[in-house]
J.: 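I have a structure I would like to understand better, so I am pasting it below and will then ask my questions one at a time.
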Amino acid sequence: MVEVIGGAEGVLDDAVVRAFVVDSLNRADLDGRSVCVIVPDGTRSCPLPLLLSAVHEALDGRAGGVTVLVALGTHAAMSDEHLRAHLGGTYPGFTVRNHEWWEPGALVSLGEIPAGRVAELSEGRLRTPIEVVLNRAVVEHDVCLVIGPVFPHEVVGFSGGNKYFFPGVAGQEIIDFSHWLGALITSADIIGTTGTTPVRALIDQAAAMIPGRRLALCLVVESGTGALHAAAFGPPETAWAACAGVSARAHVRYLDAPVRRVLSIIPARYDDMWTGAKGFYKVEPIVADGGQVILYAPHITRISAMHPEIERIGYHCRDYFLKQWDRFAGFHWGVLAHSTHLRGAGTWDPGDGERGRVTVTLATGIPEKVVRGANLDYLDPRAVDLDAYAADPETFTVPQAGEVLFRLR
């Protein structure tokens with residue numbers, strides 16, 4: 001069963017949200033049980049101070065220990081200062097941890113999904129076994145409570161739900177595996193796809209191996225404000241499905257015709273191109289063949305601190321890797337997936353080389369040499385006149401890019 005409040009239109013009052021969270025947890029039979037609360041990092045819009053204070057009200061002195069685990073995936077760890085601001089302070093009796101995906105001792109294996117089952121889940125795209133590894137805190141608590149938003153997503157269709165386990169608090173191998181499966185489908189084809197995509201099916205299969213009870217408070221957040229359109233509480237699969245349906249109405253905009261150029265203005269929550277690339281994923285479907293996407297982010301000064309190999313590999317379309325797999329199979333598949341997601345659709349063959357469907361231009365603080373070395377176009381951000389682009393009939397400007405998906409009717 002799932003409890004739902006709100007909808008795609010309007011936003012919920014904070015007092016209503018707080019009461020919903022407290023009442024839902026009070027009915028959840030958590031007395032004396034240890035709870036691992038899994039929350040997003042700073043790259044997601046989410047009113048965590050409101051939500052965690054409500055969780056603290058409901059569980060403090062009632063649960064048998066609470067750990068708040070930040071779902072980094074393979075992002076950089078958040079500092080203590082950043083965590084306090086992100087979570088809304090400290091919560092007596094709650095322990096707060098980053099997901100240490102780089103630390104083998106912080107992880108545990110739940111077993112393996114066999115090759116045959118992987119082939120079924122991936123609809124034949126992959127046929128190798130995958131070990132299911134995730135943060136040890138998940139299995140060391142009686143109950144896991146996922147708290148996080150649902151948005152259109154380039155790897156899985158819509159984010160949220162069990163995705164906070166895999167890749168949120170998982171080991172790098174299964175993170176890489178799931179992201180490469182998404183890349184094989186391509187971002188343009190999977191993003192904003194409702195229902196159970198092959199990547200979602202793989203994630204749900206892995207989550208079913210978690211021994212404890214799983215609950216989720218899934219959210220539909222108004223992009224750019226942090227206010228909530230809707231919230232759902234229940235098992236991760238059903239809570240996520242309820243919010244994915246709302247997100248499909250709240251977070252997808254439709255255009256009647258393709259555009260020649262998109263200027264995506266990347267917000268400060270994305271502090272490197274690894275995360276800021278969402279400003280491309282969400283607009284790729286509306287760009288005409290031969291068109292251009294400009295990612296404007298003067299505050300971004302690096303591609304990725306955690307994945308420096310992307311500068312050596314560069315950004316390329318999917319077939320660039322598939323048709324030269326002997327060269328690239330040994331790299332982290334998650335890095336290859338990120339590469340294809342930002343480069344977008346294209347072709348490659350030994351004679352003609354690589355041809356992208358659109359041009360990707362970075363107007364960031366990343367040095368020109370690094371940008372061009374990574375196979376992207378460069379534009380000095382100081383030369384970008386936002387007002388002039390806004391007035392240009394051939395340019396579609398997207399403020400606060402990265403969460404709302406744009407599609408053609």
Side-chain angles (χ1 to χ4, degrees), residues 1-2 38 40 71 73-74 101 109-135 138-139 144 146 148-216 218 220 232 234-248 251-252 281 318 322 332-334 336-338 340-341 405:
M1 296 181 64
V2 62
I38 300 173
T74 60
W101 57 271
S109 174
L110 302 183
E112 185 180 88
I113 302 176
R117 182 59 177 151
V118 168
E120 293 174 4
L121 296 169
S122 68
E123 299 177 349
R125 294 178 177 88
L126 293 170
R127 188 180 290 273
T128 55
I130 182 64
E131 188 178 7
V132 177
V133 174
L134 81 171
N135 195 287
V138 172
V139 300
C144 284
V146 166
V150 175
F151 283 106
H153 194 270
E154 65 279 1
V155 173
V156 67
F158 280 86
S159 64
N162 283 327
K163 186 177 178 296
Y164 275 86
F165 295 111
F166 305 96
V169 295
Q172 185 165 4
E173 183 182 4
I174 192 168
I175 293 175
D176 287 351
F177 196 88
S178 62
H179 279 64
W180 184 240
L181 174 56
L184 292 174
I185 299 168
T186 74
S187 171
D189 282 349
I190 202 170
I191 193 168
T193 299
T194 55
T196 302
T197 64
V199 183
R200 174 66 61 177
L202 178 72
I203 287 169
D204 286 349
Q205 176 81 59
M209 298 168 68
I210 295 171
R213 185 180 177 197
R214 292 174 290 117
L215 295 170
C218 293
V220 182
E237 296 81 1
T238 51
W240 166 80
C243 282
V246 177
S247 177
H251 296 143
V252 184
Y281 312 150
R318 177 195 61 185
L322 286 180
H332 284 299
W333 290 5
L336 302 184
H338 166 74
T340 70
H341 290 149
L405 171 64

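Just so you know, residue 1 is the first one in the sequence shown, and it goes up from there.
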J.: Name all pairs fulfilling the salt bridge (charged side-chain N to carboxylate O under 4.0 Å, His left out) condition that reach into residues 113-127, sequence neighbours left out, sorted by first residue then second.
T.: Arg117-Glu120, Glu123-Arg125
J.: Mind checking what makes ring pair (Phe, Tyr, Trp, His ring centres under 6.0 Å) contact with Phe165, not counting sequence neighbours?
T.: none
J.: Determine whether Ser247 and Pro152 make a side-chain contact, defined as any pair of heavy atoms from C-beta on separated by less than 4.5 Å.
T.: yes
J.: Passes side chain to side chain contact (heavy atoms under 4.5 Å, CB included), Thr186 versus Thr340? Steps please.
T.: CA-CA 8 Å; Thr186 74; Thr340 70; over 6 Å; no
J.: Compare every heavy atom of Ala239 with every heavy atom of Val2, then report the nearest pair and how far apart it is.
T.: CG2-CA, 3.7 Å
J.: Under the side chain to side chain contact (heavy atoms under 4.5 Å, CB included) rule, what do Val150 and His251 come out as? Steps first, then yes or no, please.
T.: CA-CA 9 Å; Val150 175; His251 296 143; over 6 Å; no
J.: Quick one: which residue pairs count as a salt bridge (charged side-chain N to carboxylate O under 4.0 Å, His left out) with a foot in residues 155-171, not counting sequence neighbours?
T.: none
J.: Val139: which residues meet the side chain to side chain contact (heavy atoms under 4.5 Å, CB included) condition with it, sequence neighbours left out?
T.: Val108, Leu110, Pro211
J.: Checking Phe166 now: which residues fulfil ring pair (Phe, Tyr, Trp, His ring centres under 6.0 Å) with it, not counting sequence neighbours?
T.: none
J.: If I take atom CG from residue Leu184 and atom CD1 from residue Ile190, how far apart are they, to the nearest 0.5 angstrom?
T.: 10.0 Å
J.: If you look only at pairs with a residue in residues 174-195, which of them pass as a salt bridge (charged side-chain N to carboxylate O under 4.0 Å, His left out), with sequence neighbours excluded?
T.: none
J.: Roughly how far, to the nearest 0.5 Å, is the CD1 atom of Ile113 from the OG atom of Ser122?
T.: 10.5 Å
J.: Quick one: does Val146's side chain get under 4.5 Å of Trp240's, heavy atoms only?
T.: no
J.: What heavy-atom pair brings Pro236 and Ala216 nearest, and what distance separates the two atoms?
T.: CA-CB, 3.6 Å
J.: Test of understanding: with ring pair (Phe, Tyr, Trp, His ring centres under 6.0 Å), list the residues that count as partners of His341, not counting sequence neighbours.
T.: Tyr281
J.: Glu131: what forms a side-chain hydrogen bond (donor to acceptor under 3.5 Å, both in side chains) with it, not counting sequence neighbours?
T.: Ser109
J.: For Ile174 and Ala170, which heavy atoms make the closest approach, and how far apart are they?
T.: CG2-CB, 3.6 Å
J.: Taking side chain to side chain contact (heavy atoms under 4.5 Å, CB included) as the definition, give me every residue that meets it alongside Ala241, ordered by chain and number, with sequence neighbours left out.
T.: none
J.: At what distance, to the nearest 0.5 angstrom, does CH2 of Trp180 lie from NE2 of His332?
T.: 14.5 Å
J.: Quick one: salt bridge (charged side-chain N to carboxylate O under 4.0 Å, His left out) pairs with a partner in residues 200-214, sequence neighbours left out?
T.: Arg214-Glu237
J.: If you take all heavy atoms of Trp333 and Leu126, which pair is closest and at what distance?
T.: CZ3-CD2, 4.3 Å
J.: Got a second to check how far Phe151's CZ is from Leu405's CG, nearest 0.5 Å?
T.: 12.0 Å
J.: Going from CZ on Phe158 to OG1 on Thr193, what distance comes out if it is rounded to the nearest 0.5 angstrom?
T.: 8.0 Å
J.: Measure the CD1-CZ distance between Ile130 and Phe177 for me, rounded to the nearest 0.5 Å.
T.: 5.0 Å
J.: What residues, two or more places apart in sequence or in another chain, satisfy side chain to side chain contact (heavy atoms under 4.5 Å, CB included) together with Thr74?
T.: Trp101, Gln172, Ile175, Trp274, His307
J.: Compare every heavy atom of Ala71 with every heavy atom of Val169, then report the nearest pair and how far apart it is.
T.: CG1-CA, 3.9 Å
J.: For His179, which residues count as a ring pair (Phe, Tyr, Trp, His ring centres under 6.0 Å) partner, sequence neighbours excluded?
T.: none
J.: Heavy atoms only: give me the nearest Thr197-Val156 pair and the separation to one decimal.
T.: OG1-O, 2.8 Å
J.: Taking the side chain as every heavy atom from C-beta outward, state whether Ile210 and Leu134 have any atom pair closer than 4.5 Å.
T.: yes
